[in-house]
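See below for the structure under consideration.
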Amino acid sequence: MQRIPMRRLTTLLLMLGLTATANAQSMVDVSRLGSMPVRKDVVTLRDLRYRDMVRQRYDFSCGSAALATLLNYGYGEHVSEPEMIRRMMVGTDAKTVVQQGFSMLDMKRYVEGRGMQARGFRVDAAALYRLRMPVIALLDLKGYKHFVIVKGAEAGRVFVADPALGHRVMNENDFTRGWNGIVLAVIGDRPLLDSALVNNRESLALRRRVETLGSATQPVPVVELGLVRADLF
């Protein structure tokens, strides 16, 4: 076994200690590294990827996690995914839900039970560029049905909040290839919150619609949210 010089060993242990602290607690204690005690919060790439999102806990719960994300970080409703799952399971076949997941109609019933509106629309890809609010869409990813939140689109890219993978950008062709053209819009009685779910986009055009929603004082009519095609449910 190769012997490690004491100086290198000390440096290695220090680096490992800092790494372990950052991963476990997202905070680095550097109080012993200098003359002044300092504690520095660490924001990891994983933290940023899932900022203002509810991550799905189970294979079948992408729908409930997407809806929980929309309610929590879109409208400040403060609902947990486990509680949502329990409530959405009422009146459904639990075995079917575990095998196939929740449907948009399950989400619609839950939202309306909270006194909010939920409506489904069939739209084309061009409508994603006009969206003024996040909506839920179902993707078929090589046979795996998966709900994501669509935040908007710009220059051939679709910005999504994925309950499994976090905030990410999809190529428009890849998105539309697995999308059935249906979105679920949740409409509250107050403007959307200022969160990564709403403003984490990479274009000035999308940023402007956040400012428009932020200045609203009345419920926004559906036609003003970029959803003007046939109402499905």
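Here, residue 1 is the first one in the sequence, and each next residue gets the next number. Only this structure's heavy atoms are used, side chains among them; waters, hydrogens and symmetry mates stay out.
Between the CG atom of Leu70 and the CE atom of Met116 there is a distance of 7.5 Å, given to the nearest 0.5 Å. A distance of 11.5 Å separates CZ of Phe159 from CG of Leu128, quoted to the nearest 0.5 Å. To the nearest 0.5 angstrom, Lys145 atom NZ is 8.0 Å from Asn180 atom CG. With rounding to the nearest 0.5 Å, the separation of CE in Met107 from CG in Leu105 is 10.0 Å. Here the CD1-CG distance, from Ile85 to Asp106, works out to 12.0 Å after rounding to the nearest 0.5 Å.
In this structure, the side chain of Tyr75 engages the main chain of Val186 through a donor-acceptor pair within 3.5 Å. In this structure, the side chain of Asp124 engages the main chain of Ala127 through a donor-acceptor pair within 3.5 Å. Between the side chain of Tyr50 and the backbone N or O of Ala164 there is at least one donor-acceptor pair closer than 3.5 Å. With Glu172 contributing its side chain and Ala125 its backbone, the two residues share no donor-acceptor pair below 3.5 Å. Remark: the backbone N or O of His78 is paired with a side-chain donor or acceptor of Asn72 at under 3.5 angstrom. Side-chain atoms of Tyr144 never come within 3.5 Å of backbone atoms of Leu139 as a donor-acceptor pair (strictly under, hydrogens ignored).
Using a cutoff of 4.0 Å between basic side-chain nitrogens and carboxylate oxygens, Arg157 and Glu154 are not scored as salt-bridged.
For the residue pair His146 / Asp162, a side-chain donor-acceptor distance below 3.5 Å is found, with atom types taken as modelled. Gln56 and Ser61 share no donor-acceptor pair across their side chains, judged by distance under 3.5 Å alone.
Neither Met53 nor Met133 shares a network with the other; the hydrophobic side chains, linked directly or stepwise wherever heavy atoms of I, L, V, M, F, W or Y lie under 4.5 Å apart, form separate groups for each. Under the 4.5 Å side-chain heavy-atom criterion for grouping Ile, Leu, Val, Met, Phe, Trp and Tyr, Val98 is connected to Phe102 within one hydrophobic cluster.
Shown here for Val148 and Phe175, the closest heavy-atom pair between the two residues is CG2-CE1, 4.4 Å. Closest of all the heavy-atom pairs between Ala137 and Val150 is CB-CG2, 3.8 Å. When all heavy atoms are compared, the tightest approach of Val135 to Leu131 is CG2-CD1, 3.8 Å. Of all non-hydrogen atoms in Ile149 and Ala66, the two that sit nearest each other are CD1-O, 3.2 Å. The minimum heavy-atom distance linking Cys62 with Phe147 is given by the pair SG-N, 3.4 Å. Looking at every heavy atom in both residues, Gly120 comes nearest to Leu184 through N-CD1, 4.1 Å.
The only option from Glu83, Glu81, Arg57 that meets the side-chain hydrogen bond (donor to acceptor under 3.5 Å, both in side chains) definition with Ser64 turns out to be Glu81. For the side-chain contact (heavy atoms from CB on, under 4.5 Å) with Lys95, the qualifying choice from Thr92, Val97, Asp93 is Asp93, the only one to do so.
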Under the side-chain contact (heavy atoms from CB on, under 4.5 Å) criterion, do Val158 and Trp179 qualify, and how do the steps go?
-> CA-CA 12 Å; Val158 180; Trp179 177 45; over 6 Å; no

Show the numbers, then the answer: is there a side-chain contact (heavy atoms from CB on, under 4.5 Å) between Leu138 and Ile182?
-> CA-CA 7 Å; Leu138 179 64; Ile182 298 174; over 6 Å; no

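The aromatic rings of Tyr58 and Phe60 sit parallel, their planes meeting at an angle under 30°, below the 60° perpendicular limit.
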